[in-house]
There are 2 protein chains.
Amino acid sequence: MFDNQKESNLPVINSEMSEAEINRMMENACEASNFLKAISHEGRLMILCHLATGEKSVTELEQLLSARQAAVSQQLARLRSEGLVEPRRDGKTIYYSLTDRRAVQILDVVYELFCKKG
Amino acid sequence: MFDNQKESNLPVINSEMSEAEINRMMENACEASNFLKAISHEGRLMILCHLATGEKSVTELEQLLSARQAAVSQQLARLRSEGLVEPRRDGKTIYYSLTDRRAVQILDVVYELFCKKG
DNA sequence: TCTACATATTCAAAGAAGCTTATATGTGAA
DNA sequence: TTCACATATAAGCTTCTTTGAATATGTAGA
């Protein structure tokens, strides 16, 4: 096993915590959990990766993911509801871009850990 | 909107990528997606947080999470099957600890983003 | 060996999430 | 206004996930 304390800046959780602190922590965990669920879907993860290189229209994303219109639109709806992306209309087409620096930061780490291995 | 390019080290994904490169990327996305799914469960996320402060027995985790024995054990089984934690037996009790630096790194970022806000 | 304790596993039920098909909305051009 | 295109939403279905209850495994001590 490796030594966590050396690598992590995570706070110590102990029994001296007040109930308020524990509640706040549970809320944070819930929020983080929702965020992670939103990005842990393979299609949505790929969408975020593609958007990280610049805004894309829905049709472009459909092609990049080889997925159907409705499916992509629903995945975008989910990301929108989490505040991770935002739409910009230009005529008939709608372009999506990232709005949340948190998404980019997590993606960076995920990219480090899963794409640069080996 | 903010400028992704300034903040991110993510690679550019363009149409000049070979099929092999795209396949590799899809595999990575799939692997990352599985990893993120494993940690995006509120209970499992809390378990990982608790383990980040040092190994804990199953009973301790049950109390910390106010959850039932079977539920905690199943969550641990999932984390075990993903290779994120490992058990150590000492007499009748079994202690769990983190085994995957990736979990700690993601947790660090998540903690930064969701617990230090405001 | 028998018993008690700690943990794991199995299985069925409940719930959540995702996809497809069909339909609706909004925009530009004729 | 009518049509065509781009996107969004809704409904129904299927599949995955999670949970609780019951049961099994493994260990220590009497």
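Here is the naming used below: chain letters follow the sequence lines, and residue numbers restart at 1 for every chain.
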Review point. Among all residues two or more places apart in sequence or in another chain, which pass the side chain to side chain contact (heavy atoms under 4.5 Å, CB included) test with B:Gln63?
Key: B:Thr59
Check your understanding: Do A:Lys92 side-chain atoms and A:Asp90 backbone N/O form a donor-acceptor pair below 3.5 Å?
Key -> no
Exercise for review: Check whether any side-chain nitrogen or oxygen of B:His41 sits under 4.0 Å from OP1 or OP2 of C:dA17, and answer yes or no.
Suggested key: no
Show the distances under 3.5 angstrom between N or O atoms of the protein and N or O atoms of nucleotides 25-30 of chain C.
none

Review point. Hey, is the side chain of B:Arg78 poking within less than 4.0 Å of OP1 or OP2 on D:dT17, counting only N and O atoms?
Key: no
Exercise for review: Find the distance A:Ile94:CD1 to D:dC5:C1' and express it as a whole number of Å.
Suggested key: 12 Å
Review point. Which part of the nucleic acid, if any, lies within reach of B:Tyr96 when heavy atoms closer than 4.0 Å are counted: base, sugar-phosphate only, or nothing?
Key: sugar-phosphate
Check your understanding: If you look at every strand shown and take non-hydrogen atoms under 4.0 Å, does B:Thr93 touch a base, only sugar-phosphate, or nothing?
Key -> sugar-phosphate
Review point. Among C:dG18, D:dA21, D:dT9, which is the nearest nucleotide to the side chain of B:Gln74?
Key: D:dA21
Practice item. Would you give the length of the straight line joining atom CG of A:Leu84 to atom CG of A:Leu98, rounded to the nearest 0.5 angstrom? Key: 8.5 Å
Practice item. Indicate yes or no for a side-chain donor-acceptor contact from B:Ser40 to the backbone of A:Ser33 under 3.5 Å, with no hydrogens or angles considered. Key: no
Study note, to complete from the structure: By side chain to side chain contact (heavy atoms under 4.5 Å, CB included), A:Ile94 pairs with (sequence neighbours left out) A:Pro87, A:Arg89, A:Tyr96
Review point. DNA chain C: A:Ala70 or A:Lys37, which has the more 5' nearest nucleotide?
Key: A:Lys37
Review point. Are the side chain of B:Ser73 and the backbone of B:Gln69 linked by a donor-acceptor contact shorter than 3.5 Å?
Key: no
Exercise for review: Would you kindly give the CZ-to-C1' distance between B:Arg68 and C:dA6, to the nearest whole Å?
Suggested key: 18 Å
Exercise for review: Measure the distance from CD on B:Gln75 to P on C:dT9 and round it to the nearest whole Å.
Suggested key: 14 Å
Revision key, fill the gap. Against the side chain of B:Ser57, the closest entry in C:dC19, C:dA8, C:dT7 is C:dT7
Exercise for review: Check every atom of C:dC19, C:dA8, D:dT7 against the side chain of A:Thr59 and return the nucleotide holding the closest atom.
Suggested key: D:dT7
Review point. If only atom types and distance count, is the side chain of A:Arg44 paired as donor or acceptor with the main-chain N or O of A:Lys37 below 3.5 Å?
Key: yes
Check your understanding: So does A:Gln69 reach the base of D:dA8 with its side chain, donor to acceptor, closer than 3.5 Å?
Key -> yes
Exercise for review: Would you mind reading off the distance between B:Ile47 atom CD1 and C:dA8 atom C1', rounded to a whole angstrom?
Suggested key: 14 Å
Review point. Roughly how many Å is it from CG in A:Leu76 to C1' in D:dA6, rounded to a whole number?
Key: 13 Å
Practice item. To the nearest Å, give me how far apart CD (A:Glu60) and P (D:dC5) are. Key: 18 Å
